[in-house]
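Notes follow once the structure below has been shown.
Atoms considered below: every heavy atom in the structure, side chains included; atoms not considered: hydrogens, waters and symmetry mates. One-based numbering, in listed order, for ligands and for the atoms of each.
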Amino acid sequence: MTSTLDLWIEYILRFSHLVAGISWIGSSFYFIWLDSSFMPPSIPRHNVEGEVYMVHGGFYYQVDKRKIYPGEIPKTLHWFKWEATLTWITGFFLFAFLYYLKGATLLINPEALALSQFQAIGLSLGLIVGSWFVYDLIWYPNLIKAKSISIFLSLVYFVGMVFGLTRIFSGRGAFILMGVIMGSLMLLNVWVRILPGQAKMLKEAQAGQVPDYSVSLKSKVRSVHNTYFIFPVLFIMLSNHYPGIYGHHYNWILLIILSVSGALVRHTMVTKNTKERWLLIPAAIGMMALVFVSAIQPKVTTASAPNPEHLDYAYVKTIVEARCQRCHSTNNTDENFKVAPKDVVLETEDQLMKHKDLVIKQVENKVMPLANLTAMTDQERAVLVSWLKTK
Ligand code: HEC
């Protein structure tokens, strides 16, 4: 019963997170497109900086871009803030549900740092909140005058975080935590820096004053940052399906290349300067570099394994029993995983063969046994993997 309930809680959270995220990113892409598509109005009109015509569902739509101006505030103004908020709330609950409960086993890597569940939770929450203050300070209006210095500091912080997180937590935990950190910066940008600025300008206009337009430029900076975060965050969310990436020896380099390439792709999508399309070249080189970096895997050396021809299932079975069945049997003894996760039961040779490809990937990349709680040795990994590969 508990496992069925667990399953549904996770499913509902993931589904809501996905739907909210699609709405957020959808509206964000739409505004990026709108902003780059405005043309000067065909007939000049007061306070209209640009207009765009679209066709959809059998109608034409006309959108004007106007400055917030006294006496011209529409009665009903639609704000875009709940998509972001709901994406964060559902995402954070999903993260906490999967990575904080059950002893935080998905987050901790005892071989890197033997944190307790509460230490892991405390540290990760501290890093999420702390990152906002660091980032907000780096980009605090007029604090650092040169934009290039702020960009440089942000990159240093990002690289440092990715490296640090992958040293402290499990690969998978480090990746998702980096995603949570960036998602949180995006949400806080909306609530702390963008919305209050807009509200202030509206208030001034409603009071009959011409608002201070420099506020909108400051909000715009954070809005632009959010668009740079989109692809890296999406990469991270999907990377969870690829143990070969987050479980890789150089997972931190892979994540940095993925994120920087994603940000470059975003830049060429948005820039009005067509010459800057050359940035797609380093992005493509980055993607190719990923293939090379991920190919250099100091994997478990199968050389130390006995010749697979001399191995039989009876021997492999003893390894699986000792290292996997605590969580992957019909009668689990693990206190957190009472039912075999993902329906992967490994009690018979047929079951092992059924999950052959997944098992090879998980064991070779040291993702399973989870947090190596059952202390599987490299020799045993080599035996299991080489036996499976001959099958
Ligand atoms: C302490 C518990 C634990 C132990 C021990 C353990 N696993 Fe797992 N295993 C898990 C959990 C939890 C998941 C689900 C992870 C997730 O949500 O993606 C999982 C998932 C898997 C999957 C499915 C992966 C996927 O992407 O669908 C495979 C295959 C697997 N384990 C193989 C193994 C093998 C082989 C061993 C032994 C060498 C092992 N596990 C030991 C807890 C464990």
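- Using a 4.0 Å cut-off to heavy atoms of Met376, the atoms of ligand 1 that qualify are 38 (C).
- For ligand 1, the atoms lying closer than 4.0 Å to a non-hydrogen atom of Leu373 are 1 (C).
- Aromatic rings from Phe93 and Phe97 are positioned such that their centres are separated by 6.0 Å or more.
- Those atoms of ligand 1 that come under 4.0 Å of a heavy atom in Val359, given as number and element, are 29 (C), 35 (C).
- Aromatic pair Trp132/Trp191: centroids not less than 6.0 angstrom apart.
- Remark: aromatic rings of Tyr69 and His46 are close, center separation under 6.0 Å.
- Distances from ligand 1 to the non-hydrogen atoms of Arg323 include at least one value under 4.0 Å.
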Derivation of the side chain to side chain donor-acceptor pair (under 3.5 Å) call for Thr227 and Arg266: CA-CA 7 Å; Thr227 66; Arg266 131 68 181 84; 2.5 Å; yes

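- Residue Arg326 places no heavy atom under 4.0 Å from ligand 1.
- Protein heavy atom in closest approach to atom 31 (N) of ligand 1: His328 NE2, 2.9 Å.
- Closest to atom 41 (C) of ligand 1, if we only count protein heavy atoms, is Pro369 CA, 3.4 Å.
- The minimum heavy-atom distance between Asn332 and Val339, with the atom names listed, is ND2-C, 3.4 Å.
- For the pair Phe175 and Val162, the minimum side-chain heavy-atom distance is 4.5 Å or more.
- The aromatic rings of Phe80 and Phe31 sit perpendicular to each other, their planes meeting at more than 60°, with 30° as the lower class boundary.
- Atom 8 (Fe) of ligand 1 has Met368 among its coordinating residues (N/O/S atom, backbone or side chain, under 2.8 Å).
- Between atom 28 (C) of ligand 1 and the options Lys356, Glu10, Gln362, the minimum heavy-atom separation is to Gln362.
- Taking 2.8 Å as the threshold, Cys327 does not count as a candidate ligand of atom 8 (Fe) of ligand 1, since none of its N, O or S atoms lies below it.
- Within 6.0 Å of the NZ atom in Lys203, the count of heavy atoms belonging to other residues, nucleotides or ligands does not exceed 12.
- Taking a cut-off of under 4.0 Å to the non-hydrogen atoms of Leu346, the atoms of ligand 1 that pass are 34 (C), 35 (C).
- Of all the atoms in ligand 1, the ones that sit under 4.0 Å from a non-hydrogen atom of Val363 are 35 (C).
- Nearest protein neighbour of atom 14 (C) of ligand 1, counting heavy atoms only, is Pro341 CB, 3.6 Å.
- At a heavy-atom cutoff of 4.0 Å, ligand 1 is contacted by the side chain of Asp334 but not by its backbone.
- With respect to atom 22 (C) of ligand 1, the closest heavy atom belonging to the protein is Val344 CG2, 4.0 Å.
- Summary of contacts: the protein heavy atom closest to atom 27 (O) of ligand 1 is Lys342 CD, 3.4 Å.
- Contacts between His241 and ligand 1 below 4.0 angstrom, taking non-hydrogen atoms only, are absent altogether.
- His56 NE2: 12 or fewer foreign heavy atoms inside a 6.0 Å radius.
- Using a 30° and 60° split on the angle between ring planes, Tyr30 and Trp33 fall in the parallel class, below 30°.
- Cluster membership for Trp252 and Tyr242, using ILVMFWY side-chain heavy atoms within less than 4.5 angstrom, is shared.
- At least one heavy atom of Arg172 sits closer than 4.0 Å to an atom of ligand 1.
- Distances below 4.0 Å separate heavy atoms of Leu358 from the following atoms of ligand 1: 25 (C), 26 (O), 27 (O), 29 (C).
- In terms of protein heavy-atom proximity, atom 12 (C) of ligand 1 is closest to Phe337 CE2, 3.4 Å.
- Counting heavy atoms under 4.0 Å from ligand 1, residue Asn336 does not touch it at all.
- Other residues, nucleotides and ligands place more than 12 heavy atoms under 6.0 Å from the NZ atom of Lys356.
- Here the side chains of Gln351 and Thr348 are in contact, with some heavy-atom distance below 4.5 Å.
- Atom 38 (C) of ligand 1 has Cys324 SG, 2.5 Å as its closest protein atom, hydrogens excluded (heavy atom only).
- Put simply, no part of Val320 is less than 4.0 Å from ligand 1, judged by heavy atoms.
- Side-chain rings of His225 and Tyr135 approach one another, their centers coming within less than 6.0 Å.
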